[in-house]
Amino acid sequence: MKKDRIIIIDGNSLINRAFYALPPLMTKEGHHTNAIYGFITMLFKVIEEYQPQYIGVAFDKKAPTFRHKEFKEYKAGRKKMPPELGEQMEPLKEVLDALRIYRIEIEGFEADDLIGTLAKYCEAKGFESLIVTGDKDALQLASQDTKILITKKGISNLEIYDDKKVLEDFEVTPLQFIDLKGLMGDKSDNIPGVPGVGEKTAVKLIKEFGSVENLIQNTQQISAAKLREKIEDNREQAILSKRLATIVTNVPVAMEIEELKVEEFDRDRLLELFKKYEFNSLINKIIGNEKRENQGEGKEQEQNANLCIVTISHKEAFEEMMKEIKKEKTMVLKSITEEKNIVKNKVIGLAIAVGEKNQYYIDFSDYKDENELIGLVKKLLEDDTIEKVSHDIKKELLHFYPYGIEIKNIVFDTMIGEYLIDPSKSSYSIKELAVQYLGENLLDEEDLRGTGKNKLEIEAIPREKLQTYLCQQVRIINKLTKTLDEKIKELQLLELYYEIELPLAEVLASMEFKGIQVDKHMLEDLKIEFKEKIDNLTEEIYRLAESTFNINSPKQLGEILFDKLQLPPIKKTKTGYSTNVEVLEKLYDKHDIIPKILEYRQVTKIKTTYIDGLLNIMNPITGRIHSNFNQTVTTTGRISSTEPNLQNIPIKLELGRQLRKVFGAQQDYQLIDADYSQIELRVLAHISEDKNLLESFVKDQDVHTRTASEIFQVPMEEVTSAMRSSAKAVNFGIVYGISDFGLAENLNISRYKAKQYIESYLEKYASVQKYMEETVKIAKEKGYVLTLLNRRRYLPEITSRNFNIRSFGERVAMNTPIQGSAADIIKIAMVKVYKRLKEGNFQANLILQVHDELIVECPNYELETVSTIVKECMEQAMDLKVPLKVDLAYGPTWYDAK
DNA sequence: GAATTCTGCAA
DNA sequence: TATTGCAGAATTC
């Protein structure tokens, strides 16, 4: 018969391990959770792996133990538990209670003693015991039936020890482990041992004499005189140390072993706690397990349980569905396409939810007459009387543009909704939403396609799987719409959501679809030109270094510069020497190789990131670049751009700026470039109502010159360019949430001087100071900050007891309302421009946004009108206490339009 | 192959 | 130890 198995966990040891092994995790409300998370992950892992019949977690009690009574310095000098960990103890116990796992705690005894007693008891009963701990002390308990699982590096690796393994690894028996400690002592518990005896000597002695007692009775046999003396002088201390290190195995415990029997956990309570601590992956795991258990007949059927799908494959069925939709007036849609090309993607499947119960699914390859189908879908999606809801509607728009279909009457997007509710999340998938709001576990793309080399092409996914996947999604979206809408209302985000973000999705879709023209020939010529430059520089650098190496590798470059050439290392990174521009510039005159490396860096950056990058991603059909504009990435409300990032095309240095010549308007068109002048400082003037700052903008002064004049106390005419550029840095600093350290770094001046600059700024701009203090205060009280349109960002960092984290929170509190309000403003402008151009049937198109700048591709004959419209929409976007100013220019290329 | 680090580009 | 992003190359796991 198989033995019963018990797992005994050293709670204190394990939670400590988990705490230090994991990066800090925090909930929205600012509770630290990393130790709980790590502990539970580890717990689940051992339970899964060893399937115990019994389980218990032992904790230390605060009360002093017999060891303290015997030796009052016991555990003295031990560092107090950091509060970030301390606050996690009680929550962990709550979770264990929800798991219905027995907690073993007895006053006057340490967890070790309870574990030892329990293990010996179980051994006698014929159980197999597994002790999980991060502490080697427990190894003294190892035997054939009592095994010790010790955490190795991190938390996921456990090493298993029985008596044999202990002997193998440490050359002593488990019980002799105690003797070792008697001699070596233990710093962390403040057990003295014999001074001067370390691990090596202790092992040697115990191997020879067998035990501490035998050793001190036979000291005359120790040949080394010094060692003998040490042992003889510390006899009592060795004995005492051994006793302190001995785990007690006969604690009087009034406990029934049956209490430790594994039980069904309290599901609802557990999910509630996991939700509170935002352990979404654990929620997933539990729900996933339940699904698997209930399954029996395969995953598909289970996943289908909540679905009621009607498949549409002919006209009559489609029209039947259409009737149903018209009755309901609202539909949720989600489609999937072959991954080919943005301008000719082919839709494979379309799922539609109508009301709570019904899902329809159209498999495009099942439908006989494709033209007929497209016609019907067009009629449906363009029907202005039917409201459309989706998750990531921009994607849906793009899926249907190639068919000449424009989805009309879009009323909700759950992805954007959740983004406004909390913009700090790392992902906004339907799966996440389902877990968070409904506790449901869905298929995701990974389940569908697999990962790595086994990843399937979308075309290769079995049809039924695709159908289930999409129908699940529309069902969930439908369920979530109301909840999210209410939340949006509650947070006073209605205007931002319905007037700005939702219409913006369509603007972004159109920008992506349109793309921007690039000059392929020019790029190819540049590629050759830059390759030659790089080859020459490489050769030159190798010559100067007198060896070949990978110049791109900071590690190898560091070795050449700082070891071989003996240049002074200015700065270090986590892994070695820093070789960044600042460092290299300080070394500029120290060696001829440095200027070459700087040039090499500049040239390779342009070639690899921009020239090669752009050529790789050019659309072969349109000859244009269709960047992806993401609406739910930034925490402040800005838009981000990827594949490629068109928001960081070089401009500061002429060499890089030349690249802008490859971005052009098509024949007989111009690029109009319109950018806000000082939008962030204008926002700051508006929010803070600072007299000086307001006046600066109302009078349309050069704001940096004005700032210089204030800080340095000279008339504006006497401001030198050096003063102006310092003032400019201060203005930047103000927007970012200033610190003297940061300003000093940026201006390359002393921290003291930077502090003076800041102080004189805040003195002159007193209301700015007041605003900064106020916003930090509000952030601390409420836990979030708001933009002009109530866009919200939570700041759990701001109450941290860690100075760095808290300071970060404070800077973010100051910066987000400014950066975020500027983002609100340009988004309004984008929606307005798009609308005006569309309604006026202009041929011009908005094609790019770069945070404070809009780019429109415009036919020559519309130039004047469109320029006026763009300028007007931008300047009138919001009514502030200062005017919004827009600089506008146009030309055949982006280079010329700036 | 995925994740992380360093570097550097923009507003 | 200044805000928000994205990407390429090297390196590590």
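Labels below follow one simple rule: chain letters A, B, ... track the order of the sequence lines, proteins then strands, and each chain is numbered from 1.
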Considering every strand and a 4.0 Å limit on heavy-atom distances, what is the contact class for Phe808(A): base, sugar-phosphate, or nothing? sugar-phosphate

Tell me the interatomic distance from Ile611(A), atom CD1, to dA9(C), atom P, rounded to whole angstroms. 13 Å

A quick test of your reading: do over 12 heavy atoms of other residues, nucleotides or ligands sit less than 6.0 Å from NZ of Lys753(A)? no

What pair of heavy atoms forms the shortest contact from Ile651(A) to Arg657(A), and how long is it? O-CD, 3.6 Å

I'd like to know if Lys586(A) pairs up with Glu582(A) as an ion pair, taking the criterion as any Lys NZ or Arg NE/NH1/NH2 lying under 4.0 Å from an Asp or Glu carboxylate oxygen. no

Grab the two heavy atoms, one from Ile649(A) and one from Arg660(A), that are nearest each other, plus how far apart they are. O-NH2, 2.8 Å

In whole Å, I'd like the distance from the CZ atom of Phe549(A) to the P atom of dA9(C). 17 Å

Would you mind reading off the distance between Ile818(A) atom CD1 and dA2(C) atom C1', rounded to a whole angstrom? 12 Å

With rounding to the closest Å, how many angstrom separate the P atoms on dT1(C) and dT5(B)? 14 Å

So, for Asp740(A) and Ala754(A), which heavy atoms are closest and what is the spacing to 0.1 Å? O-CB, 3.4 Å

Any side-chain N or O of Ser739(A) under 4.0 Å from OP1/OP2 of dT1(C)? no

Ignoring the backbone of Lys555(A), work out which of dT11(C), dA10(C), dA2(C) is nearest its side chain. dT11(C)

Base, sugar-phosphate or nothing for Gly737(A)? Non-hydrogen atoms, less than 4.0 Å. nothing

Spacing between Ile625(A) atom CD1 and dA7(C) atom C1', to the nearest angstrom: 14 Å

Which part of the nucleic acid, if any, lies within contact of Ala729(A), taking any heavy atom under 4.0 Å across all strands shown: a base, the sugar-phosphate backbone alone, or nothing? base

Between Lys514(A) and Glu857(A), does any side-chain N to carboxylate O distance fall below 4.0 Å? no

Shortest non-hydrogen pair, Glu680(A) vs Ala822(A), comes out as CG-CB, 4.0 Å

Taking CD in Glu529(A) as the centre, count heavy atoms belonging to other residues, nucleotides or ligands within less than 6.0 Å. Is the count above 12? yes

In whole angstrom, what separates Leu743(A)'s CG from dT1(C)'s P? 16 Å

Of the nucleotides dT4(C), dA10(C), dT1(C), which one has an atom closest to the side chain of Ser553(A)? dA10(C)

Give one of base, sugar-phosphate or nothing for Asp675(A), where a contact means two heavy atoms less than 4.0 Å apart. nothing

Which part of the nucleic acid does Thr604(A) contact within heavy-atom distance under 4.0 Å: base, sugar-phosphate only, or nothing? nothing

Provide, to the nearest angstrom, the distance between the CD1 atom belonging to Ile617(A) and the P atom belonging to dA7(C). 8 Å

Between P of dT4(C) and CZ of Arg811(A), the distance in whole Å: 9 Å

Under a 4.0 Å heavy-atom criterion, the protein footprint on nucleotides 6-11 of chain B, written with B, S and -, is SSBBSB

May I have the distance from Ile606(A) (atom CD1) to dG8(C) (atom C1'), rounded to whole angstrom? 14 Å

When we call it a touch if two heavy atoms are under 4.0 Å apart, what does Arg657(A) touch: a base, just sugar-phosphate, or nothing? nothing

By nearest-heavy-atom nucleotide on DNA chain C, the more 5' of Asn630(A) and Phe741(A) is Phe741(A)

From the set dT3(C), dG8(C), dA7(C), return the single nucleotide nearest to any side-chain atom of Thr608(A). dG8(C)

Contact class for Glu745(A) vs. all strands (heavy atom < 4.0 Å): base, sugar-phosphate, or nothing? nothing

